[in-house]
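Accompanying notes for the structure given below.
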Amino acid sequence: MNAVEIAAGLLALLLLTAAIAPQLLAPGDPLAIDPLSAFGAPSWTHWFGTDESGRDIYTRVIDGARDSLVIGVSATLIGLGLGAVLGTAAGTLGAAVDFTVNRFLEVLFAFPGLLLALLFILVFGPGAGSAIVAVGLSTAPGYARIIRAQLVRVRSSAFVEAATVQGLSRARILGRHILPNTLAPLLVLGTLGVGQAIVWAAALSYLGLGAQPPAAEWGAMLAAGRTYITSAWWMSFFPGLFIVLTAVCATALGRAIERRMRHA
Amino acid sequence: TSAAPQASSTPTAGGTLTYASGDAEPTCLDPHVGGNYPQALVSTQYLESLVSLDSKGTVIPWLADSWTVSDDGLTWEFTLRDGVTFSDGTPLDAAAVQANIAHLQDPATGSSTGYLALAKVTGTEAVSDSVVRFTLSQPDSALLESLSQPWLGIESPTALERSQDDNCAAPVGTGPFVVDSWVKQNAITLVRNDDYTSPPADAEHDGPAYLDTIVWRFIPDSASRYAALQAGEVNVIDNAQPDTIAQAEQSDSIVHLDAPRPGASNRIELNSGKAPFNDAAVREAFIRSANVDDAVASLFQGSAERSYSALSSVEPLGVSRQELFDYDPAAAATLLDEAGWSEKDADGYRTKDGVRLTVVFPVSTNQSIPAEQSLFEQIQATAKETGFDVQLTKLDLSSWYTALGSNAYDAVSAPYTKVGPDVLRILFHSDGITPAPSGYFANHAQVNDPELDSLLTLADQTNDADERSALYADAQDLILEGFYILPLYDQQNHFLLGTAVQGARALPTVSTPTFYDAWLSR
Amino acid sequence: MSGRPAPALRVRNLSVGFGSQTVVRGVSLELAPGECLAIVGESGSGKSVTARSLLGLAGAGAQVSADEISLAGESVLGLNESAWRRRRGRDVGLVLQDALASLDPLRPIAREIGDSLRLHTKLDGAARSRRVLEVLTAVGLPDPELYAGRLSGELSGGQRQRALIAAALALDPPLLIADEPTTALDVTVQAQVLDLLEEIRDRGTAILLISHDLAVVSRIANRIAVMHDGRIIETGTPNEVLGRPTHPETRRMLAAVPVDKPRGTRLAPAPEPLLTPEQTAGAGRLRVAERPSAPATEVTSGSPGAAPDARTPSSPDLALEGIGLNKTFRGPHGTVQHAVDDVNFSLPRGRTLGIVGESGSGKTTTARLALALTPADSGVVRLLGEPWSVLPEKQRRARRRLVGAVYQDVLASFDPRLSVREILRHAVAVAAPDGRDGANRRAGEARVGALLDDVGLSAALLDRRPTDLSGGQRQRVGIARALASRPQILICDEPVSALDVSVQAQVLDLLDELQRELALTLLFISHDLGVIQHVSDQVAVMHAGRIVETGPAEQVFAQPAHPYTEALLAAVPRLV
Amino acid sequence: MAEPLTVARSSGGRRVRRLGVLIGWPLARRLGGAVFVLWAVATLTFFAVRLIPGDPAEAILGGPGSQTSPEALAAVRAEYGLDQPVFLQYLAQLGRLATGDLGRSYALNMDVGPLVLSQLGGTLLLAVLSLTVAWLLALGLATWSTGRGAMARRIGSGLEIVAAALPHFWLATTLIVVASVWWGILPPISTADARGLVLPVLTLAIPLAGFLGQVMRESLTTALESPFVLSARARGESERGVLWRHALRHAALPAIGLSGWAFGSLISGAVVVETVFARPGLGRTLLNAVTVRDVPVVIGVVMVVALAYILMTILTDLASRLADPRPTTNTRTPGGAQ
Ligand SMILES: Nc1ncnc2c1ncn2[C@@H]1O[C@H](COP(=O)(O)OP(=O)(O)OP(=O)(O)O)[C@@H](O)[C@H]1O
Ligand SMILES: Nc1ncnc2c1ncn2[C@@H]1O[C@H](COP(=O)(O)OP(=O)(O)OP(=O)(O)O)[C@@H](O)[C@H]1O
Ligand SMILES: [Mg+2]
Ligand SMILES: [Mg+2]
């Protein structure tokens, strides 16, 4: 536990609290408008200022933690899940499947990720759900490739060979040695991915394809606040700050877990 | 600083003006093809129409010196201005006008706005070299207003002979500037037409324009656009956001030009074709539950006036009925109670027979500026207090039209620009409910009132000004009292100009800027 | 020594610590030009840290203190970094312990060697190239012009070691520090490198030679310093140190060297450090009683060759047999590598076949063929008289438990997520498909305990992971795992080559003991002739994929028939 | 004891053969793979775009919401084959692609080929410059912060993590506000000269630099702890020499491997950056085309991007082989085309 890890842990705790029980941190209503006090700069009554509808940005940022984390986490889960399925299929089901999956991944890689997300959203309509799946889809190929590489490495490792010599069946080797050792790093990948997924979702919000109003999702707030950047910087600064903080916090935690695992 | 930019000193010739448009880049510079506002914006610089409007809305001569209409209203004769040539040297004559009408009415052109405007024109005839006759199937009181629009700009017949691609890339007109080049996604370069002779009657000077060049750029991002103006990279921007307008008002280096568009006001149309808004009481309740005044005041920071009319404030025939649109949640609640929406569910929304009082409201991110989207969010929030569950969905343009076409909306806000009160016929005549083959229909409120239909038809066919204005007033009363629409404000059309730009103004037709009189002070 | 010129190196009372731990304690050394001083000692005794401290490179966070460190008569205590940089390479050359990784794998060796010249001389490019070729020739690299352009990855271990020495010698420094310069090398190559060092010494360069292997240094050292736990416990000429060791640690180290120790001789002092006396007493008898298949012979541990033991074949049939084995690999760029070339072997029950040969001679491949991990191109392996290699893996699986394997890189052979307990429990469960040990948790636990006893490990280690064990402990866990299935045959691929002599001694003793008690058949692979000689009944010498000589151990070692065997034997360093 | 696998005959011959290996069989396989990828990308795009609600015929007739006549619609549908079953349309599209014809844009009144070509340059320039700048930034930060103590290391790695977490559009706006509006030193939009490139390139490069930097730092740390670095120090090499002559090259290897991927992500980023900075380019073209369902343009852009991506991976492969002259050992990896 170094200082950075402690700070990241505290921050994670704060974000989780915000996501689970936002009232604890910000008792106000994130949707309560007050047009006449719109565009208020940060002050004692409004710590992070107010937005164009006079809503309290602090309350919205805290309240938005849930949506943003849900988007980040679910998108990552989808990406990882899909990646794990593809990667594992490629790594275990023989050369033909491996070949097919690899070509498929190549195709997905050649597709700009944002376009993949864009197409998906246009086909299935905008909204947080679509954004989640879209981001999940566009991150899956990366995960799949990492998982497959890991699988191949584990499969040809000395301890798998040792298990063969012991007389374990293929299925037992797969279940007991190969999969656990392949999938364990997913935890780290996942933590690292959450921050990136939130950033991605924010980009979709900028293009008007993310979470729908009046949701206090950070990306959507950031995108809305950007319009007013010259007159009300706080509208985009604080949501942006929280996106960055979350990503940083997730990365720091992921790194910490990775270090633990390596030295375990 | 807000003021009509005026020539404070002697104009100097020369220089390049850079215009940054936040509108979509046109796919074709010939406004006959399709016919949307971005095309009108740029084509105003190189195309001219037969007639124009002055700032009071009176029709004034432009390429046509004069015109006459037969008593039955079915024959119009336009006498063309002398000595006008297109920038490719082709003379402007009756045959040229005929070629333009034919071009607009040719399905292969794919004209929509111009095509509709000429719906009643059945034929043209060259009476002489300089007189062209239009024959109509029915009287059309809006014909002159329609012809004043940039989408009916007159182009060189020689140029129209070219392929559509070529014509789209560089249409040839009689205007003060000529399309020089067009680098897609970047800029259109317009250069001065040195042989220009045909300014409209309300122009400040004669002869060629002062500017050498106009660089017409497309900067979709509003923050970047304003930054570019501040940084002096561009001289003029359109689609200025309310907060930047407010800033500009305070600044010495930027001038604000407010030119609301004609035609309809910006409004929320309530779909009276299906539940819940097929009940006038529910429509009224919705309108009364929406606190628009505060929202407009805070979001537009003084740059937009609240509207209580179906028509733009620049339309002389507009009727304003403020008392119908007061924010009155108590009255709204009573109305809903009486209409049977008396229960409330756990989330505080009203229900009737277990169905929630839901208003599906698709929002086009292309057509509604952020401030307007925020406005809808505030309406969503205030209507919630009365028990409406307003579901805002931000959609791209195609998806938005698809949602409308499949009748999957209860409320919608769709701008419509057209010169004159005839826009009411397009928006509220029951003919406008039947979708075109493309799925498009204009009557989003799905108003189906035979009385209204007949008023609008009559008004369209009378050439008597007083009778026309009385008919339109009656029609507007019907529309407003039926609570089919919630008027918001005029269609916003704000330009910000660097102080170096002098003499620029918006043409009173559809409020597109013209840089014929503009010059750069140094 | 007073009349002589200034010593090349003088160190007085050097101490080095990392954090709270002191790893070098008051070391004093003196080295004259043309003299070779060897520091020997077990792994972790502080040899490398001492060497690095002499160049001011003890490591990040090291606290170095000394009364004197002088190179060629000049004190280097308290030099600043840039002054140090000017001396490194010029006044003293360092050959690092890990030859495989001490050359930048991305740069041609000529560049690496030329770097010293670039840093310390004003020679131009051409002159530097000439000098590089000179030193490469001096270290005896064949065809230096060709090799100069190679990457270290394209050189053999011995060539790399030479290149590294060349890099240290490029400026002809008066002092050369060579840290374990031969550990990674085959005996023949090792002999060449030692010859090279000898030659350099004779040219007048002072050499500080570091090794854990007394036999190696005894060949060229003028004096030997024995290091233990950060201190120098004994110094003297090779004859003094090897012949009349005074310190008990030195004696223990000498005893652990297997060369010339007959079969069955204990190498490490008994009882083994990790086993309490009562464990030894009880465990042995219990094990023998448990095994119905083992001949009921009395087991006496520690007394060499006393009673007839289980090693005597109970039946003459063969445990493992390889017939006409061939295996080729396609290398990069389409080259073909004949890794195993017509290899035949037969291993009677209860006996040990030792396979010895240089790196790359095909030993591991042979072991993998015997384990049926790799399919042979041609030839078959038979197990206990029945087909083995030709069976599909499914059928082989049931008989897998008859064969155990112990690996050179034992750490890699453990699933990194598992603790020792889990590793052994899994092994026990797999070995008993009928559920005899696996179904019953308690029986399983008991068997794990018994296995630990067998290999002399304390139960306290059960919940550790292999990464947290010492090398010797890991190797014991590996052996325990192999024994879990009560195998009749144990295939050991270099089980001790990563270990320190004293730990190696413990493992060799253990294997010897187990073989006697459990009537194991051993296929023992090593590149170390001394080890092979110590453990084998039969010996096969491999060279370039072929078995060039085979026969009873005594015969092969006493009267080698093949010239290659002769060369190998000649190269083995022996204690004087 | 991992022994070297081959010993080549002569250094000159080795280079020649390595080149041969590089452009011989792998190239053939690569070409096959590329054709497959292009086909799959086109197919996927075609059907995905056709799935999107919205009528392509409208795109042809002046965009969605146009009030077109039924005759015009019918004419256009017939002209573009939109009245045919989708599968036939797909085959027709493929047929055109096979002959190198990207077709005609529905919305833009021009052929897709020239359109895409005219937009390609800007985006490629942006992507390549951004990649280069990202590399320089990552290298700069890595070199600055290593060997300068724990504090510098922590600051360096902190900066990298933060940089990697910056959303493009937010960074872009911040840069515009700071550099153009406050300081007035750089134009907020594309200009004819190079000044207009600075902010867009920075916007794309900074987050990428954070990412590359993180990867680089790991391998840099490993390299700095390896025996060959100690050897170099023992030779008298200075810290800077150690860094530049030895460690950085090792550190760069995994980041080079990532550059193909990075290039792909830059194209995604270009969609946003080109919009914000009003730059002509493929990203904006693509975004516009998707919103009006301009199928041929979407396919055209995606194909070109896929091709660029494929070329980029080949280039990064070449680069890693140049940076890492060691012969590759795992020629037997299945699907080893990556
Ligand atoms: N940089 C370092 N930080 C902390 N401890 C260290 C460091 N380098 C060495 N040590 C410790 O110092 C002790 C002596 O290490 P050293 O490398 O000198 O042993 P050695 O005698 O060379 O052993 P071997 O024969 O294995 O090479 C060991 O306990 C080691 O863990
Ligand atoms: N999987 C493989 N693919 C290609 N070549 C291989 C493979 N395994 C072994 N070889 C080659 O076969 C030859 C024999 O290798 P093997 O591992 O059997 O040697 P060894 O005698 O065990 O050497 P060492 O003492 O270094 O362990 C070597 O040249 C090696 O490069
Ligand atoms: Mg050492
Ligand atoms: Mg081996």
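Throughout, a chain's letter reflects where its sequence line sits, starting with A, and its residues are numbered from 1.
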Against chain A, label D/Leu286 side chain, backbone, both or neither, depending on which of its atoms sit under 4.5 Å from a heavy atom there. side chain
How about A/Thr88 and A/Arg148: does a side-chain donor come under 3.5 Å of a side-chain acceptor? no
Between A/Leu118 and chain D, which part of the residue has a heavy atom less than 4.5 Å away: side chain, backbone, both or neither? side chain
Might you confirm whether atom CZ of A/Phe104 has over 12 heavy atoms from other residues, nucleotides or ligands at distances under 6.0 Å? no
Hey, can you tell me if A/Phe109 and D/Tyr309 have their rings parallel, tilted or perpendicular (30° and 60° cut-offs)? parallel
Chain A contact via D/Ser265 - side chain, backbone, both or neither, heavy atoms under 4.5 Å: neither
Let me know if A/Phe237 has heavy atoms under 4.5 Å from chain D in its side chain, its backbone, both or neither. both
Using the six-membered ring of A/Phe99, assess whether NZ or CZ of A/Arg103 lies under 6.0 Å from its centre and within 45 degrees of the ring axis. yes
Is D/Thr313 close to chain A through its backbone or its side chain, or both, or neither, when contacts mean heavy atoms under 4.5 Å? neither
Option in A/Ile243, A/Leu222, A/Ile229, A/Leu245 with maximal non-hydrogen atom pairs under 4.5 Å from chain D: A/Leu222
Heaviest contributor of heavy-atom pairs below 4.5 Å to chain A, chosen from D/Leu266, D/Val181, D/Leu44, is D/Leu44
Report the relative orientation of the aromatic rings in A/Phe238 and A/Phe48; use parallel for angles under 30°, tilted for 30 to 60°, perpendicular for over 60°. parallel
Any side-chain donor paired with an acceptor under 3.5 Å for D/Gln214 and D/Ser157? no
Interface check, chain A: of D/Val301, D/Ile310, D/Leu287, most non-hydrogen pairs under 4.5 Å belong to D/Leu287
Side chain, backbone, both or neither of A/Thr251 within contact of chain D (heavy atoms, under 4.5 Å): side chain
So which part of D/Val290 gets closer than 4.5 Å to some heavy atom of chain A, the side chain, the backbone, both or neither? both
For each of D/Trp182, D/Trp39, D/Trp170, D/Phe263, tally heavy-atom pairs with chain A at distances under 4.5 Å, and name the one with the top tally. D/Trp170
If you tally heavy-atom pairs under 4.5 Å against chain D, which of A/Ala247, A/Ala202, A/Ser156, A/Ala252 wins? A/Ala202
Gap separating the CE atom of A/Met221 from the CE atom of A/Met235, nearest 0.5 angstrom: 8.0 Å
Is the closest side-chain heavy-atom distance between D/Phe277 and D/Ile176 below 4.5 Å? yes
